[in-house]
Amino acid sequence: MVRRRLVVAGFAGAILAGLLFWPVVMGYTLTAGEKAAADVAECHSVRTGKTTKLVCTGTWRTHDGHTGSGEIYGLDRDDAGRTGVPVRIGPMGPYAGGFARNGILFIGLIPLVLAAMVLPVFVAGLAGPGRTIARRLLAEPGDGLVVLIGRKDVCHPDGRPYATRVQPPRTAGPAPQELRALHFGGAGRHLSRRHDVLWPVRLRR
């Protein structure tokens, strides 16, 4: 179970890092990257597989006098031959045009924004009915036993401990006398079935 959770967490982390890479890098470049002025030498189309992209090259000079040359991003074909084009230099190179021309690189934020909007509604839809029943039971417990179930402990509504979760026996057969099984609703699972165990506990009443 722990290994599965670690794998899922690692997979989710890798996806999140992939979606955030360009937005974070470009956000830094366009807002805090070093300012420079570029002279665009040429712009030409380069075919890669089934797609064609525009590549512009030239030289640039920062305000501190440092110079560089190579590809300049965020330009159009009409920018060829221009001088003194404002650019920002970041980890991935010099970018011109600000957010307007480089907005496509922030597309990774769209799934995250949608997930942030949908996830609370989804969680509320799953937890809502259960919370309603729980509030009703706590308000009108009747003659039955009402307990709050956590990851490790089961408590009375006032916080007094009722039971503590323990590891199930490794062999099939009757449970030790000090252990009991908590049954939830009509689940019908019990401790004596090794592969169908549901919360073996040690009572603390």
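Computed from heavy atoms alone, side chains included, the values below leave out hydrogens, waters and symmetry copies. Computed from a predicted structure; not experimentally measured.
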- Which heavy atom in Ala80 sits nearest to a heavy atom in Cys43, and how many Å separate them?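 Minimum heavy-atom separation between Ala80 and Cys43: CB-N, 3.9 Å.
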- Query: Honestly curious: do Phe11 and Leu20 fall in one hydrophobic cluster under the side-chain, below-4.5 Å linking rule?
  - Reply: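 Phe11 clusters together with Leu20.
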- Item | In one Ile/Leu/Val/Met/Phe/Trp/Tyr side-chain cluster, 4.5 Å: Leu114, Leu19 |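 Yes; Leu19 is reachable from Leu114 via cluster members.
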- Thr29 versus Ile89: any side-chain heavy-atom pair under 4.5 Å?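 The answer is no; the side chains never approach within 4.5 Å.
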- Query: Does the side chain of Phe21 reach to within under 4.5 Å of the side chain of Met92, using non-hydrogen atoms?
  - Reply: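 In contact.
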For residues 98-111, dump all side-chain donor-acceptor pairs below 3.5 Å to protein atoms at least two apart in sequence or in another chain.
unit_1	atom_1	unit_2	atom_2	d
Arg101	NH1	Gly74	O	3.3
Arg101	NH1	Asp79	OD2	2.7
Arg101	NH2	Asp76	OD2	3.4
Asn102	ND2	Ala96	O	3.0
Asn102	ND2	Gly98	O	2.7

- What is the distance from atom CH2 of Trp60 to atom CZ of Arg88, rounded to the nearest 0.5 Å?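 So the gap between those two atoms works out to 16.0 Å.
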- Message: Going by the rule ring pair (Phe, Tyr, Trp, His ring centres under 6.0 Å), which residues pair with Tyr28 if we only count those two or more places apart in sequence or in a different chain?
- Response: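 Tyr28 satisfies ring pair (Phe, Tyr, Trp, His ring centres under 6.0 Å) with no other residue.
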- ring-ring contact (aromatic ring centres under 6.0 Å, His included) partners of residues 67-90, not counting sequence neighbours, each pair once: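 Checked against ring-ring contact (aromatic ring centres under 6.0 Å, His included) - neighbours excluded - the pairs reaching residues 67-90 are Tyr73-Tyr95.
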Return a table of donor-acceptor pairs under 3.5 angstrom between the side chains of residues 65-72 and protein atoms on other chains or two or more places apart.
none

- Pairs in or reaching into residues 31-46: which pass side chain to side chain donor-acceptor pair (under 3.5 Å), with residues at least two apart or in two chains?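 Every pair satisfying side chain to side chain donor-acceptor pair (under 3.5 Å) with a residue in residues 31-46: Ser45-Arg77.
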- Item | side chain to side chain donor-acceptor pair (under 3.5 Å) pairs, two or more places apart, involving residues 46-58 |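 Matches after skipping sequence neighbours: Arg47-Thr52, Thr48-Thr51.
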- Message: Would Leu54 and Val46 count as a side chain to side chain contact (heavy atoms under 4.5 Å, CB included) here? Give the steps.
- Response: CA-CA 6 Å; Leu54 183 67; Val46 175; over 6 Å; no
